[in-house]
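What follows is a short report on a single structure.
Small disclaimer: the values here were computed from a predicted structure and weren't measured. Atoms within each ligand, like the ligands themselves, are counted from 1 in listed order.
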Amino acid sequence: MATNEAWPAQLGPVICVVGARPNFMKMAPILRAFAAHRPALPTLLVHTGQHYDRDMNDRLFDDLRLPHPDINLEVGSGTHALQTAEVMRRFEPVLDAQQPSCVLVVGDVNSTLACTLVCAKKAVPVVHVEAGLRSYDRAMPEEINRVLTDQIADRLYTTERSAHANLVREGVAEERVCFVGNVMIDSLLSNREFACPAAKTLQMAGFDPAVVDDPRGYGVVTLHRPSNVDREENLAPLLAVLREVSDQVPLIFALHPRTRANIDRFSLGKLLASERIVLLPPQGYLEMLGLLAGAKLVLSDSGGLQEETTALGVPCLTIRENTERPITIEQGTNTLVGCDPCAIRIGVNEILAGAGKTGRVPEFWDGRAAERIAADLFQWLIAHHAQRSR
Ligand code: UD1
């Protein structure tokens with residue numbers, strides 16, 4: 001939204017925090033919308049370094065045309081406590097030095113909560129994008145991150161209307177919440193035309209591109225949730241059922257480093273040794289988009305893929321007992337199948353028989369969510385800081 005007002009000289013920049021892979025596709029459209037807003041919202045991009053290697057980080061920065069971070073805290077991997085504490089320790093001096101007007105965090109990773117906690121004790125306003133999503137499963141580290149971040153955040157932007165109700169139930173004042181839609185879908189829509197065709201992705205990785213021409217199509221698989229991949233007794237049956245599914249439809253499995261490490265640790269590689277299962281390293285954004293857009297079905301425990309498949313109209317079987325994104329089930333193409341091999345088989349058979357969900361694209365998943373955030377945040381910051389200086 002255009003406005004004649006100028007960016008007030010007394011307001012510092014908006015510190016935008018990214019840490020892990022799923023943050024990057026959310027932040028890219030936000031930075032672009034902040035730059036395009038009149039007046040532009042000045043930003044400072046801080047990367048915590050939670051994800052750091054080429055596959056998990058650099059390729060996505062390139063694909064999404066994200067600017068090089070202004071500051072990288074380089075925390076790396078660790079236990080939850082260590083990683084969270086290290087982000088906090090390294091982020092505090094950044095706040096002191098930069099005096100931002102607010103800190104904007106996205107999603108639900110450890111970096112999201114860590115930076116939020118630092119702000120709370122320094123009276124720096126926190127803005128949370130993708131607020132209010134709840135799986136109601138406290139065994140999920142992300143659920144703890146979501147609940148605590150939302151309790152602290154001053155301005156909360158939601159992707160679906162159910163999030164608003166969740167927040168109000170937790171005592172968050174309604175006037176702090178603003179429904180803007182889904183920035184992840186902003187990224188998807190603006191990049192769709194640049195997606196890398198699936199056959200090319202396979203060819204570049206040294207595989208036979210004809211896999212994607214199977215008469216039944218192909219499936220895309222990702223798994224990385226600790227609850228699915230950290231214990232052999234959970235991971236082995238899942239891999240075994242994937243092997244069975246691959247007899248019906250070839251599978252392209254993009255392996256997260258956590259999953260690859262556990263497959264090696266438990267010596268489960270033999271379960272996936274089939275020419276109908278293509279094992280790829282973590283994919284770039286444009287490669288993954290091409291794989292998803294052309295898929296017959298997706299099997300995954302990812303949060304983001306539930307939304308992306310809904311936007312693309314591709315049936316998704318979510319290998320989890322719950323979801324924090326219920327709209328993907330109610331309106332989209334998502335079905336929860338849990339970890340039960342029988343339910344997974346039934347779900348796959350339905351899709352292959354042509355009875356998969358088609359769904360519709362939810363409200364405000366229209367490519368303009370970041371624009372709405374820019375317009376609202378500008379007005380909110382002006383009002384918030386005027387009130388504070390009174
Ligand atoms: C994190 C997020 C999760 C998100 C996921 C996407 C939390 C609590 N979890 O989980 O919500 O869905 O990112 O990937 O924040 N590793 C690498 N290279 C990297 C980063 C990690 O090899 O660049 C390996 C390390 O061995 C590390 C492991 O992956 O120990 C897990 O990384 P970590 O960031 O702890 O959690 P994720 O499982 O990626």
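Within the 4.0 Å heavy-atom criterion, both parts of His51, backbone and side chain, lie near ligand 1. Residue contacts with ligand 1 for Pro22 involve side-chain atoms from C-beta outward but no N, CA, C or O (heavy atoms, distance under 4.0 Å).
Atom 8 (C) of ligand 1 has its closest protein heavy atom at Asn110 OD1, 3.2 Å. Given atom 17 (C) of ligand 1, the protein heavy atom at minimum distance is Tyr52 OH, 3.4 Å. Counting protein heavy atoms only, atom 28 (C) of ligand 1 is closest to Arg258 CB, 4.5 Å. Regarding atom 2 (C) of ligand 1, its nearest protein heavy-atom neighbour is Val109 CG1, 3.8 Å. Nearest protein heavy-atom neighbour of atom 24 (C) of ligand 1: Pro257 CB, 3.8 Å.
With contacts defined as side-chain heavy-atom distances shorter than 4.5 Å, the pair Asn228/Thr259 does not qualify. Contact annotation: the side chain of Glu160 approaches that of Leu133 to within less than 4.5 Å [non-hydrogen atoms, C-beta and beyond].
Short contacts between ligand 1 and His256, defined as distances under 4.0 Å to a heavy atom of the residue, involve ligand atoms 14 (O), 37 (P), 38 (O), 39 (O). Close approach to Ser77 involves these atoms of ligand 1, each under 4.0 Å from a residue heavy atom: 21 (C), 25 (C), 27 (C), 30 (O). Distances below 4.0 Å separate heavy atoms of Asp53 from the following atoms of ligand 1: 17 (C), 18 (N), 19 (C), 22 (O), 23 (O).
Under the salt bridge (charged side-chain N to carboxylate O under 4.0 Å, His left out) criterion, Glu86 pairs with Arg89, Arg90, sequence neighbours left out.
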Test side-chain contact (heavy atoms from CB on, under 4.5 Å) applied to Ile344 and Asp340, step by step: CA-CA 6 Å; Ile344 295 173; Asp340 171 20; over 6 Å; no
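Taking a 4.5 Å side-chain heavy-atom cut-off between Ile, Leu, Val, Met, Phe, Trp and Tyr, the cluster of Val87 extends to Ile15, Val17, Leu44, Val46, Ile71, Leu73, Val75, Met88, Phe91, Val94, Leu95, Val103, Val105, Leu113, Leu117, Val118, Val124, Val126, Ile144, Leu148, Ile152.
Proximity of a side-chain donor or acceptor of Asn334 to a complementary backbone N or O of Gln306 within less than 3.5 Å is not detected.
Among His224, Glu143, Glu142, Gln83, the residue whose heavy atom lies nearest to atom 35 (O) of ligand 1 is Gln83.
Note on ring orientation: taking the six-membered ring where Trp is involved, the planes of Phe61 and His47 are parallel (angle under 30°, cut-offs 30° and 60°).
With no hydrogens or angles considered, a side-chain donor-acceptor pair links Asn166 and Arg169 at under 3.5 Å.
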